[in-house]
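Encoded as structure tokens, the structure appears first; notes follow it.
Here is how names work: the chains are called A, B, and so on, in the same order as the sequence lines, proteins then strands, and each is numbered from 1.
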Amino acid sequence: MFNFAKLFKNLIMSSNIRVRFAPSPTGPLHIGGVRTALYNYLFAAKNGGTFILRIEDTDQSRYVPGAENYIIRSLEWAGLMHTEGVGQGGDFGPYRQSERKEIYRQYAMQLIDSGHAYYAFDTPEELNDMRERMRKQGLPSPQYNAISRQYMKNSETLPREETQIRLDRGDKFVIRIKMPRKEEVKFEDMIRGWVAFQSDQLDDKVIFKSDGMPTYHLANVVDDHLMKISHVIRGEEWLPSTPLHVLLYRYLGWETERPQFAHLPLILRPDGNGKLSKRDGDRLGFPVFPLDWKNEENGDTASGFRERGFFPEPFINMLAFLGWNPGTEQEIFSKQELINAFDISRINKSGARFDFEKAKWYNQQYLKSLSDTTLAGELLPLLKQAGFNHPAGYVKEVCRLFKERVYFLNDFIQEGSYFFQQPAVYDKKIIRKKWNTSIQTIFSDLLATFKSLSQWDAGSIEIVIKALINQKNLKFGDILPVFRVMLCGTLAGPPIFEVAELLGKTETLQRMETFIKLNEA
RNA sequence: GGCCCGUUAGUCUAUCGGUUAGGACGCCAGGUUUUCAUCCUGGAAAGAGGAGUUCGAUUCUCCUACGGGCUACCA
């Protein structure tokens with residue numbers, strides 16, 4: 001039995017499937033990034049592969065303190081922990097690109113030596129001038145390419161000696177890839193099929209910056225190769241630069257072991273146009289981040305799904321369905337079920353608009369499926385935080401009574417506040433419509449009857465009220481709404497007799513008295 | 001502007017040439033409920049447009065339109 005399990009585990013670990021999630025620590029991760037991580041995670045888990053976290057911090061100017069930590073905590077919360085990479089270690093580290101500087105330099109040099117890249121010494125001003133000039137000539141998107149490179153300062157145009165002199169005296173330089181003049185570059189995307197680009201449309205992208213850091217393009221190709229990544233699953237925004245990456249694999253001599261590409265459709269804004277952005281969050285009244293985010297430098301804050309009351313399981317369930325579906329009519333999936341059902345070939349091509357209403361529904365379904373005890377366990381800490389110290393048994397009963405009418409845990413405290421404290425306000429309409437001296441007398445009598453009641457449960461309360469209604473020739477609608485408002489302040493809620501039972505005799509009587517005193521006619 | 005990707009109801013989607021175009025969220029109506037919610041039943045709601053290919057196109061091809069992405073010494 002144990003041997004069998006071990007054998008099975010070894011079998012799984014030996015899978016060659018290796019995927020990575022490679023965010024850059026420029027701020028909080030939004031749900032588009034979480035979904036990319038999710039698909040990578042599901043693909044690895046489904047195939048017994050390895051899910052790696054790599055931090056792409058090659059742009060030091062955009063580095064945001066706390067972002068890396070935020071990313072890791074977010075993945076942790078969502079249940080998408082990596083088994084290799086930053087914070088976990090592994091055989092292919094370091095996993096932070098800023099710590100791999102020398103590796104990239106070596107491969108940049110290899111590309112220069114093989115004639116596939118060259119030094120360029122142009123200053124930002126010179127580049128601007130070039131672009132301005134070309135724009136004036138009617139070229140809307142000026143490129144540094146086979147044509148224009150001939151008029152710039154680089155090792156292709158400068159005499160060999162001058163290049164050497166510039167390098168020796170420490171002039172600033174970048175390294176650019178030398179795009180072939182006219183060549184078709186094509187690759188097969190797992191989601192989109194064959195995609196083809198013409199190399200004359202691509203420009204001589206900078207692959208190594210003057211600060212000694214590689215750009216994304218070089219770094220991701222080098223790292224994916226060195227880390228033996230088998231599948232690159234990333235957002236569609238990378239599709240246009242993929243031919244560049246394909247060429248880099250080729251020029252570096254890695255074409256036969258090149259990973260497979262899968263470019264994910266984007267998550268679009270629920271309103272208007274464009275892809276979902278980090279700024280869309282609180283502007284639209286719902287979170288776009290997994291966790292609350294506070295920027296330590298500029299004090300910016302943004303709200304997260306966790307703090308909004310989402311559970312991790314429905315959160316990833318909802319995200320998984322933004323761009324993928326299993327082809328069955330099942331919509332509610334546990335994480336394990338997602339792993340079992342996940343299949344890259346069933347990922348859609350077109351972008352998905354994020355819908356917060358649907359997200360709420362997923363959370364509600366999950367919440368309703370939890371047992372009262374489990375739910376109470378989740379709710380207890382939140383209650384304590386809000387200053388309530390009700391016993392677990394009581395909270396469990398609240399969950400039983402109230403869970404059908406909430407979306408989030410927080411709703412128990414907000415919309416169900418009357419379970420934990422006297423109502424602070426009462427529904428004014430009901431007072432205006434139903435409250436008068438005669439009804440007041442009736443409730444005073446009812447109060448007295450309740451006081452004499454030896455048994456306090458929903459059934460007994462109901463019998464008393466029914467008797468009262470018959471005796472006074474009233475209707476349920478004359479009494480019950482008022483009774484409910486006395487106890488809850490609001491007109492909505494679980495069956496009122498059960499609420500009264502749960503509140504207990506003392507509390508119920510007290511709330512009735514308070515109300516009557518407050519509204520003496 | 002150029003290049004690339006996409007296009008089934010308001011939204012997420014099923015359909016791998018022949019279906020009354022299915023499901024879900026949301027919406028509306030009815031039932032259940034003292035109320036609200038849940039739940040149940042029902043309803044409105046979709047193949048962007050135009051050419052082809054085919055006995056037959058939502059499905060394949062092309063064009064147009066629309067949407068999106070990219071177009072930095074950012075990722």
Side-chain angles (χ1 to χ4, degrees), chain A residues 22-26 56-59 61-62 97 120 122-124 127 131 135 138-144 172-176 189 191-192 195-198 200-203 205-217 219-220 234-243 263 265-266 268 270 273-275 318 321-332 345-346 348-362 364-365 368 402-407 415 427 430 462 465 469 475-485 488 490-497:
Chain A
S24 76
T26 53
E56 311 232 327
D57 55 350
T58 51
D59 186 355
S61 67
R62 290 210 309 158
Q97 291 185 328
D122 315 283
T123 64
L127 286 169
R131 290 183 181 123
R135 261 190 279 267
L139 286 152
S141 51
Q143 289 184 316
Y144 202 115
K172 289 249 179 215
F173 68 88
V174 299
I175 296 175
R176 289 179 180 272
D189 187 272
I191 295 170
R192 284 152 216 286
V195 183
F197 291 81
Q198 298 301 324
D200 57 5
Q201 300 294 333
L202 275 17
D203 61 356
K205 277 267 177 296
V206 171
I207 55 173
F208 198 84
K209 300 185 276 188
S210 61
D211 65 358
M213 280 290 206
T215 60
Y216 171 83
H217 307 295
N220 105 83
R234 70 212 325 183
E236 193 188 356
E237 69 268 27
W238 293 110
L239 200 50
S241 54
T242 304
H263 286 96
L266 265 15
L268 274 14
N273 314 316
K275 68 171 173 175
M318 174 274 293
F321 271 72
L322 243 36
W324 169 86
N325 82 86
T328 66
E329 299 208 327
Q330 184 182 351
E331 300 233 38
I332 304 296
S345 70
R346 292 204 62 91
N348 290 115
K349 295 178 173 70
S350 49
R353 196 154 277 164
F354 172 64
D355 178 11
F356 189 63
E357 288 304 316
K358 189 96 181 227
K360 278 167 67 179
W361 178 80
Y362 277 107
Q364 180 193 36
Q365 295 303 308
K368 272 188 349 187
F402 206 59
K403 74 173 174 186
E404 300 280 272
R405 45 207 98 212
V406 297
Y407 286 99
E415 277 154 48
D427 188 291
I430 238 37
E462 187 171 353
I465 291 191
I469 283 169
K475 285 175 293 193
F476 268 119
D478 298 321
I479 295 293
L480 262 18
V482 183
F483 188 41
R484 179 184 291 283
V485 167
C488 307
T490 164
L491 230 40
I496 191 61
F497 303 124

Is any side-chain nitrogen or oxygen of Asn220(A) closer than 4.0 Å to OP1 or OP2 of A75(B)?
no
Shortest side-chain distance from Lys209(A), nucleotide among C12(B), C25(B), C73(B)
C73(B)
Closest to the Ser141(A) side chain: U71(B), C73(B), C5(B)?
U71(B)
Give the rounded distance in Å between these two atoms: CD1 of Ile479(A) and C1' of U34(B).
11 Å
Quiz question: going by heavy-atom distance under 3.5 Å, is there a donor-acceptor pair between the base of C74(B) and the side chain of Arg62(A)?
yes
Taking only the side-chain nitrogens and oxygens of Lys358(A), find out if one of them lies under 4.0 Å from OP1 or OP2 of U13(B).
no
Given A37(B), C4(B), U35(B), the nucleotide with the shortest approach to the side chain of Glu404(A)
A37(B)
Taking CZ from Arg405(A) and P from U38(B), how many angstroms apart are they, rounded to a whole number?
9 Å
Using atom P in both nucleotides, what's the gap between U8(B) and U13(B) to the nearest angstrom?
9 Å
Below 4.0 angstrom from OP1 or OP2 of U7(B), is there any side-chain N or O of Asn348(A)?
no
Nucleotide nearest Glu236(A) when distance is taken to its side chain, options G69(B), C5(B), C74(B):
C5(B)
Atom NZ of Lys172(A) with >12 non-hydrogen neighbours under 6.0 angstrom:
no
Expressed in whole Å, how much space separates the P atoms belonging to G1(B) and G43(B)?
46 Å
Is the number of heavy atoms from other residues, nucleotides or ligands under 6.0 Å of Lys349(A) NZ greater than 12?
no
Return whichever of Lys368(A) or Leu480(A) has its heavy-atom-nearest nucleotide of RNA chain B closer to the 5' end.
Leu480(A)
How far apart are the closest heavy atoms of Ile496(A) and Cys488(A), and which atoms are they?
CD1-SG, 4.1 Å
For atom C1', what is the distance between A9(B) and C3(B), given to the nearest Å?
33 Å
Rounded to the Å, how far apart are Asp200(A) CG and G2(B) C1'?
11 Å
Atom P, compared across C73(B) and A51(B): separation rounded to whole Å
47 Å
Looking only at side-chain N and O atoms, does Asn325(A) come under 4.0 Å of OP1 or OP2 in U13(B)?
no
Output the rounded distance in Å from CZ (Arg484(A)) to P (U33(B)).
15 Å
Among the candidates U34(B), C73(B), G23(B), find the nucleotide nearest to the side-chain atoms of Glu329(A).
G23(B)
Residues Glu236(A) and Arg192(A) bridged, charged N to O under 4.0 Å
yes
Apply the side-chain contact (heavy atoms from CB on, under 4.5 Å) test between Lys358(A) and each candidate in Phe354(A), Tyr362(A), Phe356(A); give the one that qualifies.
Tyr362(A)
With the side chain of Leu266(A) defined as its heavy atoms from C-beta on, choose the nearest nucleotide among C73(B), G26(B), G69(B).
G69(B)
Could you work out which one of C73(B), G26(B), U11(B) sits closest to the side chain of Tyr407(A)?
G26(B)
Can you tell me if Gln143(A) uses its side chain to pair, donor with acceptor, with the backbone of Gln201(A) under 3.5 Å?
yes
Rounded off to whole Å, could you give me the CH2-to-P distance for the Trp361(A) and G10(B) pair?
21 Å
Pairing partner of C70(B), by Watson-Crick or G-U wobble and under 3.5 Å for both distances, is G2(B)
Applying the Watson-Crick and G-U wobble criteria at under 3.5 Å, what pairs with U54(B)? Answer none if nothing qualifies.
none
Take the protein atom CZ of Phe483(A) and the nucleotide atom P of U33(B), then report the distance between them rounded to whole Å.
20 Å
Going by purine N1 to pyrimidine N3 plus the second Watson-Crick contact, or the G-U wobble pair, all under 3.5 Å, which nucleotide sits opposite A65(B)?
U7(B)
Both Ile191(A) and Pro214(A) contact RNA chain B. Which one's nearest nucleotide lies toward the 5' end?
Ile191(A)
Please determine whether salt bridge (charged side-chain N to carboxylate O under 4.0 Å, His left out) holds for the pair Arg353(A) and Asp355(A), giving the CA-CA distance in whole Å, both sets of side-chain angles, and the decisive distance to 0.1 Å.
CA-CA 6 Å; Arg353(A) 196 154 277 164; Asp355(A) 178 11; over 6 Å; no
Candidates C5(B), U34(B), A24(B) - which lies nearest the side chain of Pro495(A)
U34(B)
Counting just side-chain N and O atoms, does Arg135(A) come under 4.0 Å of either OP1 or OP2 of U71(B)?
no
Looking at U15(B), which nucleotide sits across from it as a Watson-Crick or G-U wobble partner, both distances under 3.5 angstrom, or is there none?
none
Gap between atoms CH2 and C1', on Trp238(A) and C3(B) respectively (whole Å)
17 Å
For the side chain of Asp355(A), starting at C-beta, report the closest nucleotide among C3(B), C25(B), U35(B).
C25(B)
So for Lys205(A) and A72(B), does any side-chain atom that can act as donor or acceptor lie under 3.5 Å from a complementary atom in the base?
no
Atom-pair distance (OH on Tyr216(A); C1' on C70(B)), nearest Å
13 Å
Tell me which nucleotide among C3(B), U13(B), G6(B) gets nearest to the side chain of Ser350(A).
G6(B)
Exercise: do Asp59(A) and Ser61(A) side chains pair donor with acceptor under 3.5 Å:
yes
Rounding to an integer number of angstrom, what distance separates U32(B) and A48(B) when you compare their C1' atoms?
43 Å
Distance check, C1' atoms only: U58(B) and U33(B), in whole angstrom units.
43 Å
In whole Å, measure the gap between the C1' atoms of C60(B) and U53(B) for me.
8 Å
